[in-house]
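Counting starts at 1 for both ligands and their atoms, following the listed order. Just so we're clear, the structure is a prediction, and the values are computed from it rather than from any experiment. Only heavy atoms go into these numbers, but all of them, side chains included; no hydrogens, no water, no symmetry mates. By convention here, the first residue in the shown sequence is residue 1.
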Amino acid sequence: MELAEKTVADWYASHPISAPHILTKLKNLRGSLEGLTPQDLYPYDQDHYDGLEANARLADKAHMNAGDSVLDVCAGLCGPARWYVSERGVQVTGVDISPNRVDGAQELNTLVGLQDQIHPVLASAMDLPFDDEQFDAAVSQESFLHVPDKPKALHEVFRVLRPGGRFAFTDWVMHTPLPNDEMEQYRQRFACHSLLSIPEYESKLQQAGFEIISSDDITGPWGDILARRLSMYQTLDAEAERAGNPSKGDEFLKMYAKFVGDVQQHRIGGVRLTAEKPQ
Ligand SMILES: C[S@@+](CC[C@H](N)C(=O)[O-])C[C@H]1O[C@@H](n2cnc3c(N)ncnc32)[C@H](O)[C@@H]1O
């Protein structure tokens, strides 16, 4: 594991969205974890913007069909994976670099009886432990911001997709180059390694061999979504601390408020890209 990836794994070890916190919350709400379904987890296990609607959009863009073998790159706790399996009838392999995420994913998958349809794998997006042309489709959400060598990761996704397979993903982008001290704050507080602009992303995908199908600047909608997410984090962080689960504290919340401002001012933003491996 590269040093930058170790930083990411350490960062996710104290994230407000965690398996222990989700399970504490559900136990308090329901009295027990008996008979838990994937749907019970949906309000708590999606670590990306715009919840289940974002999953539905990516599933459509990636042309996911029932029975497909799908790769989720940087799958986290496999919240989206449980949705793709339950709602679209696919099988998912979820790669993630953080042991805490992979273990948490396995625990949640087993609790809801999806351990045979979802395979969490501890690995780097830059070095996928899979054969060439193994997957029908690939997805990723708000994760490549952490990945040090994005061209390498894009080449890896291209390699493991079958010809005609699609990679649909969302990520942070940079609209205006940020001064070094601000970028350093993003590195330290969010383990954000580096950001590309939308044209840079498109050209890196093409260099990896992909054909671009669509490229949507989603910065506008993210401005509102992120403001709501900030208040969710304020609640979650306080709850996690009260329950004795890992939390991030005030510095993270202050930085999140800066992030929301930067998105609302269009300095940083989001992109949804769909790319296809030619036949
Ligand atoms: C914002 S979370 C997204 C999780 C998931 N996609 C979701 O929507 O719920 C980003 C994830 O990327 C993972 N990650 C970051 N860098 C990675 C890398 N180089 N290789 C694999 N996973 C990585 C982190 O461990 C984290 O779980």
Atom 6 (N) of ligand 1: closest protein heavy atom, distance to 0.1 Å, is Cys74 O, 3.0 Å
Side chain, backbone, both or neither: Ala153 near ligand 1, heavy atoms under 4.0 Å: neither
Please write down residue, atom name and distance for the protein heavy atom closest to atom 19 (N) of ligand 1. Glu5 OE2, 2.9 Å
Heavy-atom contacts with Gln141 under 4.0 Å: which atoms of ligand 1 show up? List them by number with element. 3 (C), 6 (N), 8 (O)
Identify, by atom number and element, the atoms of ligand 1 in contact range of Ser143, meaning under 4.0 Å from any of its heavy atoms. 3 (C), 10 (C), 11 (C), 12 (O)
Is a donor from one side chain sitting under 3.5 angstrom from an acceptor on the other, for Tyr42 and Glu87? yes
N-O pairing of Lys61 and Asp216 below 4.0 Å: yes
For the residue pair Glu5 and Ser124, confirm or rule out a side-chain donor-acceptor distance under 3.5 Å. yes
Side-chain (Gln134) to main-chain (Asp131) donor-acceptor, under 3.5 angstrom: yes
Counting from 1, what ligand 1 atoms have a heavy atom of Ser124 closer than 4.0 Å? 20 (N)
Short list, please: which atoms of ligand 1 are under 4.0 Å from a heavy atom of Ala123? 20 (N), 21 (C)
How far apart are the closest heavy atoms of Ile97 and Ala9, and which atoms are they? O-CB, 4.1 Å
Taking 4.0 angstrom as the limit and counting only heavy atoms of His146, give me the atoms of ligand 1 inside it, by number and element. 15 (C), 16 (N)
Honestly, for Ser140 the part within reach of ligand 1 (heavy atoms, under 4.0 Å) is neither
Taking only non-hydrogen atoms of Glu142 and a 4.0 Å limit, the atoms of ligand 1 in range are 1 (C), 10 (C)
Any salt bridge between Glu133 and Arg159, counting N to O under 4.0 Å? no
Could you tell me whether some N/O pair between Ser98 and ligand 1 is separated by less than 3.5 angstrom? yes
Is there a donor-acceptor pair under 3.5 Å between the side chain of Asp68 and the backbone N or O of Asp136? no
Looking only at protein heavy atoms, identify the closest one to atom 20 (N) of ligand 1 and say how far it is in Å. Ala125 N, 2.9 Å
Going by heavy atoms, is Met126 under 4.0 Å from ligand 1? no
Would you check if His21 and Tyr44 make a side-chain contact, meaning some heavy-atom pair closer than 4.5 Å? no
Which pair of non-hydrogen atoms, one from Met64 and one from Val139, has the smallest distance, and what is that distance? CE-CG1, 3.7 Å
Take atom CG of Asn180 as the centre, draw a 6.0 Å sphere, and report whether it contains more than 12 heavy atoms from other residues, nucleotides or ligands. no
In the protein, which heavy atom is nearest to atom 5 (C) of ligand 1, and how far is it? Ala75 O, 3.5 Å
Nearest neighbour in protein (non-hydrogen) for atom 8 (O) of ligand 1: His48 ND1, 2.7 Å
One thing to verify: whether Asp224 and Arg228 come together as a salt bridge, which I'm taking to mean a side-chain N less than 4.0 angstrom from a carboxylate O. no
Minimum non-hydrogen distance to atom 17 (C) of ligand 1, winning option of Asp96, Asp149, Ile97: Ile97
Cationic N near anionic O, under 4.0 Å, Asp50 to Arg272: no
Give the atom numbers and elements of ligand 1 that come within less than 4.0 Å of a heavy atom of Arg101. 27 (O)
Sub-4.0 Å heavy-atom contact, Gly79 with ligand 1: no
Hey, do the aromatic rings of Phe158 and His155 have their centres closer than 6.0 Å? no
State whether the shortest distance between N or O atoms of Asp47 and N or O atoms of ligand 1 falls below 3.5 angstrom. yes
Measure from NZ or CZ of Lys150 to the centre of the six-membered ring of Phe144 and say whether it is under 6.0 Å with the direction within 45° of the ring axis. no
Applying a heavy-atom cut-off of 4.0 Å, say which part of Val8 lies close to ligand 1: side chain, backbone, both or neither. side chain
Is ligand 1 under 4.0 Å from a heavy atom in the side chain of Pro80, in the backbone, in both, or in neither? side chain
Please check whether Gln46 reaches ligand 1 - meaning an N/O of the residue sits under 3.5 Å from an N/O of the ligand, judged on distance alone. no
Atom indices of ligand 1 within 4.0 angstrom of Val147 heavy atoms, with elements: 19 (N)
